[in-house]
**Student:** 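Below is the structure I would like to discuss, written out as structure tokens.
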Amino acid sequence: MKKLVTFLPGALMVLAASASSQDYADMHKQLDIMSDIMKSSVTVQDGRRAAKITGIDSTYLQGQGIVFTINSSSSSRDFGSFNFNFVMPEIPVMPIEPPSPEGRNSQEFFDIDVDESVSKALENASEGYERAIEVLHGTRDQFRELRDEQRDLAYEVRDIEREIRDIEYQLRRADKEKKNELDAEANKLKQQLSKIEQEKNQVEQKVTELKKQQELKNQEQAKERVAFYKNLTHALADTLCLYGNGLRTLPKDENVSLILKAAGDKDGRRYKDQIYVFNKKDITSCAMDKIDVAKLLEKGQGYQF
């Protein structure tokens with residue numbers, strides 16, 4: 001009798017472990033099914049662009065609930081397929097004065113200056129690289145032309161100023177006749193210098209205008225991001241309302257969390273993740289039409305990390 005009593009606790013532990021293992025196996029199946037449903041059903045289109053899920057990772061945290069980590073992308077007629085993980089790099093500042101020719105030629109200096117600036121801005125944005133190249137290509141070419149023009153004008157200014165200094169040095173030792181000749185030459189050079197300064201101002205105005213255009217592009221991209229993730233979030237919540245009851249193994253008092261990668265605010269050279277936490281009871285209520293999608297989103301806890 002003692003042996004039977006001793007055996008029972010161990011048997012109960014084995015049965016509990018087996019039940020738990022079966023629950024986890026069922027949970028895996030349900031997560032895989034729900035991931036497939038999300039991928040196939042979440043498509044947001046407005047004619048010009050569409051959104052889709054490119055990857056979902058899922059896991060279960062005992063006592064807390066299910067976590068879906070979602071990567072997404074958009075496609076448009078203008079840019080093809082892209083995502084919004086990319087942070088638009090600032091336009092490299094163009095040097096006003098020509099560099100010292102010591103060590104390397106000027107063309108090499110300017111090419112490396114721009115290429116290194118853009119490369120550093122892009123190195124942590126590999127997923128958005130193709131999108132970035134499309135957006136930056138035209139602007140970069142325009143800036144290269146303006147930069148070359150600024151460089152040439154700066155060289156001209158430097159040469160003319162050197163000639164004027166030479167003339168001023170000669171004037172201190174020249175006779176009257178020679179001074180008149182040198183003064184005339186100096187005045188001619190100063191007129192050229194004034195003309196070049198006007199050209200430099202025009203180029204700087206073009207640079208300012210180009211920066212404004214880039215800022216407008218950045219603002220447009222920011223608006224697109226907001227609309228993109230708002231629509232995607234609504235589509236995901238709608239999917240939970242329609243198919244959330246399929247997560248039968250999830251306890252009623254636990255949650256379903258969605259982590260939308262790079263859907264939050266800009267933080268340095270990255271975007272924060274947007275996280276939503278929904279209680280299974282609320283998902284069930286939405287599935288039974290007791291609340292709608294908007295109410296489910298309102299009841300869910302949202303934050304960025």
Side-chain angles (χ1 to χ4, degrees), residues 27-28 30-32 34-39 41-44 46 49 51-74 82-88 124-128 131 218-247 249-288 290-305:
M27 181 73 76
H28 271 295
Q30 292 168 21
L31 292 183
D32 289 341
M34 180 57 69
S35 295
D36 289 339
I37 290 173
M38 286 181 172
K39 287 179 184 179
S41 65
V42 176
T43 302
V44 182
D46 64 4
R49 57 179 61 86
K52 68 176 182 178
I53 291 175
T54 57
I56 299 180
D57 291 326
S58 60
T59 191
Y60 172 66
L61 305 177
Q62 187 173 7
Q64 300 178 50
I66 295 167
V67 180
F68 292 103
T69 301
I70 299 168
N71 287 283
S72 57
S73 70
S74 177
F82 62 92
N83 61 37
F84 287 100
N85 295 12
F86 173 73
V87 179
M88 195 75 161
N124 292 323
S126 58
E127 291 184 6
R131 160 73 164 169
N218 291 347
Q219 292 175 5
E220 181 181 354
Q221 184 195 35
K223 290 179 180 179
E224 287 182 4
R225 288 191 79 259
V226 172
F228 174 83
Y229 286 113
K230 181 179 180 180
N231 291 336
L232 181 60
T233 300
H234 188 277
L236 287 168
D238 187 45
T239 300
L240 287 177
C241 285
L242 291 172
Y243 304 104
N245 278 343
L247 301 172
T249 310
L250 179 68
K252 295 180 180 180
D253 58 346
E254 293 186 4
N255 305 312
V256 174
S257 300
L258 305 178
I259 301 177
L260 275 62
K261 301 299 293 183
D265 297 332
K266 182 179 177 182
D267 182 18
R269 292 207 174 277
R270 62 177 286 270
Y271 286 103
K272 296 178 181 178
D273 296 336
Q274 180 68 52
I275 301 169
Y276 297 94
V277 182
F278 302 103
N279 188 275
K280 185 183 179 181
K281 293 178 181 178
D282 293 330
I283 294 175
T284 301
S285 295
C286 191
M288 298 173 65
K290 293 182 178 179
I291 61 174
D292 57 15
V293 176
K295 189 64 176 180
L296 177 63
L297 287 169
E298 180 183 332
K299 293 171 73 66
Q301 301 176 42
Y303 65 97
Q304 297 182 14
F305 184 76

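Basis for what follows: all heavy atoms, side chains included, without hydrogens, waters or symmetry-related copies. Index from 1, following the sequence.
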**Student:** Considering all heavy atoms of both residues, which atom of Ala262 and which atom of Tyr271 are nearest to each other, and what is their separation?
**Tutor:**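 Smallest heavy-atom distance, with atoms named: O-CB, 3.6 Å.
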**Student:** Might you point out which heavy atoms bring Lys252 and Asn279 nearest each other, and give the distance in Å?
**Tutor:**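 Taking Lys252 first and Asn279 second, the nearest heavy atoms are O-OD1, 3.9 Å.
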**Student:** Answer yes or no: is there a donor N or O on one side and an acceptor on the other, between the side chain of Lys299 and the main chain of Asp282, under 3.5 Å?
**Tutor:**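 No, because the side chain of Lys299 does not come within donor-acceptor range (under 3.5 Å) of the backbone of Asp282.
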**Student:** Keeping Thr54 on the side-chain end and Asn71 on the backbone end, is there a donor-acceptor pair under 3.5 Å?
**Tutor:**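 Confirmed, Thr54 side chain pairs with Asn71 backbone.
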**Student:** I'd like to check the side chain to side chain donor-acceptor pair (under 3.5 Å) partners of Asp238; sequence neighbours left out, ordered by chain and number.
**Tutor:**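 Scan of Asp238 (side chain to side chain donor-acceptor pair (under 3.5 Å), adjacent residues dropped) gives none.
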**Student:** What are the two closest non-hydrogen atoms of Leu250 and Gly65, and how far apart are they?
**Tutor:**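 It is CD1-CA, 3.8 Å.
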**Student:** Find out whether Leu260 and Leu236 are in side-chain contact, i.e. whether some heavy atom of one side chain is under 4.5 Å from a heavy atom of the other.
**Tutor:**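 Result yes, sub-4.5 Å side-chain heavy-atom pair found.
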**Student:** In Å, rounded to the nearest 0.5 Å, how long is the span from CD1 of Ile275 to NZ of Lys261?
**Tutor:**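 Spacing of CD1 (Ile275) from NZ (Lys261) equals 8.0 Å.
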**Student:** Determine whether Thr233 and Gln274 satisfy the following criterion, side-chain contact (heavy atoms from CB on, under 4.5 Å), listing intermediate values before the conclusion.
**Tutor:** CA-CA 10 Å; Thr233 300; Gln274 180 68 52; 5.6 Å; no
**Student:** So how far is it from Ile66 CD1 to Lys280 NZ, rounded to the nearest 0.5 Å?
**Tutor:**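 Rounded to the nearest 0.5 Å, the CD1-NZ separation comes to 7.5 Å.
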**Student:** State whether Glu298 and Lys295 are salt-bridged, where the test is any N-O pair (Lys NZ or Arg NE/NH1/NH2 against Asp/Glu carboxylate O) under 4.0 Å.
**Tutor:**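 Here Glu298 pairs with Lys295 in a salt bridge, since their nearest N and O are under 4.0 Å apart.
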**Student:** Measuring from Gln30:CD to Ser58:OG, what's the distance to the nearest 0.5 Å?
**Tutor:**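 Here the rounded value is 11.5 Å.
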**Student:** To the nearest 0.5 angstrom, please state how far the CD1 atom of Ile56 sits from the CG atom of Asp36.
**Tutor:**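 The CG atom of Asp36 is 8.0 Å from CD1 of Ile56, to the nearest 0.5 Å.
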**Student:** Please name the pair of heavy atoms, one in Asp265 and one in Gln304, separated by the smallest distance, quoted to 0.1 Å.
**Tutor:**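 Nearest pair, atom of Asp265 first, then Gln304: N-OE1, 2.9 Å.
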**Student:** For a 4.5 angstrom cut-off between non-hydrogen side-chain atoms, does Asp273 reach Thr69?
**Tutor:**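 Heavy-atom side-chain distance check fails, nothing below 4.5 Å.
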**Student:** Are Arg270 and Asp267 ion-paired here, with the side-chain N under 4.0 Å from a carboxylate O?
**Tutor:**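 Yes.
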**Student:** Less than 4.5 Å apart, side chain to side chain, heavy atoms only: is that true for Leu297 and Phe278?
**Tutor:**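 In short, these two side chains touch, coming nearer than 4.5 Å.
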**Student:** What are the two closest non-hydrogen atoms of Leu240 and Ile283, and how far apart are they?
**Tutor:**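 Minimum heavy-atom separation between Leu240 and Ile283: O-CG2, 3.5 Å.
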**Student:** Which atoms form the tightest heavy-atom contact between Phe228 and Ser72, and what is the distance?
**Tutor:**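 Taking every non-hydrogen atom into account, CE2-OG, 3.6 Å.
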**Student:** With a 4.5 Å cut-off on side-chain heavy atoms, are Thr59 and Asp57 touching?
**Tutor:**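 They are not in contact (no side-chain heavy atoms under 4.5 Å apart), so the answer is no.
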**Student:** So how far is it from Ile291 CD1 to Cys241 SG, rounded to the nearest 0.5 Å?
**Tutor:**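 Atom-to-atom, Ile291:CD1 and Cys241:SG are 6.5 Å apart.
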